[in-house]
Structures are given as structure tokens and as C-alpha cells.
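Written out below as C-alpha cells is the structure these notes cover.
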Amino acid sequence: MKTCNRDLLVLVKDEHMNEKSMERELEQLNDLLFHFETIESFCTAHEVFDINRHKTLHKRDSIQRIVRQKELKPFFFICNKN
């Protein structure tokens with residue numbers, strides 16, 4: 001698995017947590033994020049509002065096509081469903 005370079009802010013309630021257990025927690029968190037941060041899960045959690053055509057796009061292929069564009073067209077809005 002490829003390790004990604006990212007900044008994570010992790011708040012720990014237990015102040016007596018040692019360095020080794022903290023590293024283990026971060027590895028597990030990175031592993032979870034690697035599996036869940038996919039384009040499929042992104043498309044499941046988002047929808048696109050096309051104000052020009054008065055439509056809401058829900059299909060994965062349509063959302064992928066719009067998200068992968070270098071620049072979002074005017075009056076297209078990506079909205080989280082949650």
C-alpha cells in the first residue's frame with residue numbers, strides 16, 4: 001500500500017498515550033482513509049446541481065465527469081448529501 005503524504009489533526013483524550021500507540025492509531029486511520037476515500041464513495045455522498053438545465057445529477061458517471069474537469073462550469077454546484 002502506498003503511504004500518502006497528508007496532514008492529520010488527531011485529538012486524543014488520553015494524555016498518557018505513548019508514541020508507539022499513537023503511531024499505530026495513525027497507521028490504522030491512514031489505512032481506513034485509503035480504503036474509503038475513493039471516487040465511488042465520493043459520488044455516493046455527493047450530487048451535482050446544474051442550475052442552467054434545472055437538474056440534479058445523481059448518476060456516478062455524470063458526477064465523475066464533472067468532478068474530473070479542470071474547472072467547474074458556471075452554475076454547477078457540487079453538494080454533499082449528508
Side-chain angles (χ1 to χ4, degrees):
M1 178 176 77
K2 182 177 130 181
T3 59
C4 56
N5 186 13
R6 68 168 78 205
D7 293 329
L8 294 174
L9 175 63
V10 179
L11 302 176
V12 180
K13 191 173 184 179
D14 184 15
E15 61 190 51
H16 302 293
M17 186 177 247
N18 62 15
E19 188 72 25
K20 189 174 182 178
S21 61
M22 178 62 85
E23 285 295 323
R24 190 170 351 119
E25 289 282 332
L26 290 175
E27 286 175 10
Q28 290 174 349
L29 185 58
N30 272 325
D31 189 40
L32 282 173
L33 291 175
F34 177 78
H35 291 295
F36 290 117
E37 288 181 329
T38 62
I39 191 71
E40 288 82 16
S41 62
F42 180 85
C43 292
T44 301
H46 290 80
E47 58 190 3
V48 175
F49 297 130
D50 181 0
I51 303 300
N52 295 322
R53 296 184 184 166
H54 303 289
K55 285 187 175 183
T56 303
L57 305 175
H58 301 284
K59 292 185 180 178
R60 184 180 57 122
D61 296 334
S62 302
I63 295 172
Q64 279 184 5
R65 182 176 32 82
I66 291 169
V67 169
R68 290 191 171 147
Q69 294 176 354
K70 289 189 178 196
E71 191 172 307
L72 197 60
K73 293 180 181 176
F75 301 106
F76 273 75
F77 299 96
I78 300 171
C79 182
N80 191 312
K81 292 180 185 178
N82 299 325

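All figures in this text were calculated on a predicted structure; none of them were measured in a lab. Computed from heavy atoms alone, side chains included, the values below leave out hydrogens, waters and symmetry copies.
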> Quick one: NE2 on His58 to NZ on Lys81, what's the gap to the nearest 0.5 Å?
Replying inline: 6.5 Å
> Has the side chain of Asn52 got a donor or acceptor atom that lies under 3.5 Å from a matching backbone atom of Pro74?
Replying inline: yes
>> If the condition is ring-ring contact (aromatic ring centres under 6.0 Å, His included), which residues does Phe42 pass it with, not counting sequence neighbours?
In response: His46
>> Restricting to side chain to side chain contact (heavy atoms under 4.5 Å, CB included), what partner residues turn up for Arg60, sequence neighbours left out?
In response: Glu40, Cys43, Gln64
> Once you round to the nearest 0.5 Å, how far does CG of Leu26 lie from CD of Gln28?
Replying inline: 9.5 Å
>> If hydrophobic clusters are built by linking Ile, Leu, Val, Met, Phe, Trp and Tyr wherever their side-chain heavy atoms come under 4.5 Å apart, do Leu32 and Leu8 end up in the same one?
In response: no
> Is Phe77 reachable from Val48 through a run of I, L, V, M, F, W or Y residues, each pair having side-chain heavy atoms under 4.5 Å apart?
Replying inline: no
>> Taking CD in Gln69 as the centre, count heavy atoms belonging to other residues, nucleotides or ligands within less than 6.0 Å. Is the count above 12?
In response: yes
> Quick one: does Met22's side chain get under 4.5 Å of Val12's, heavy atoms only?
Replying inline: yes
>> Please report the interatomic distance NZ(Lys20) to CD(Glu23), rounded to the nearest 0.5 Å.
In response: 11.0 Å
> Is it the case that more than 12 heavy atoms not belonging to Lys73 sit under 6.0 Å from its NZ atom?
Replying inline: no
> What are the two closest heavy atoms between Asn80 and Ala45, and how far apart are they?
Replying inline: OD1-O, 3.4 Å
> What are the two closest non-hydrogen atoms of Ser41 and Phe36, and how far apart are they?
Replying inline: OG-O, 2.6 Å
>> Looking at every non-hydrogen atom in both residues, tell me the closest pair between Leu57 and Ile63 and how far apart they are.
In response: O-CD1, 3.8 Å
>> With rounding to the nearest 0.5 angstrom, report the CZ to CZ distance, Arg53 to Phe76.
In response: 6.0 Å
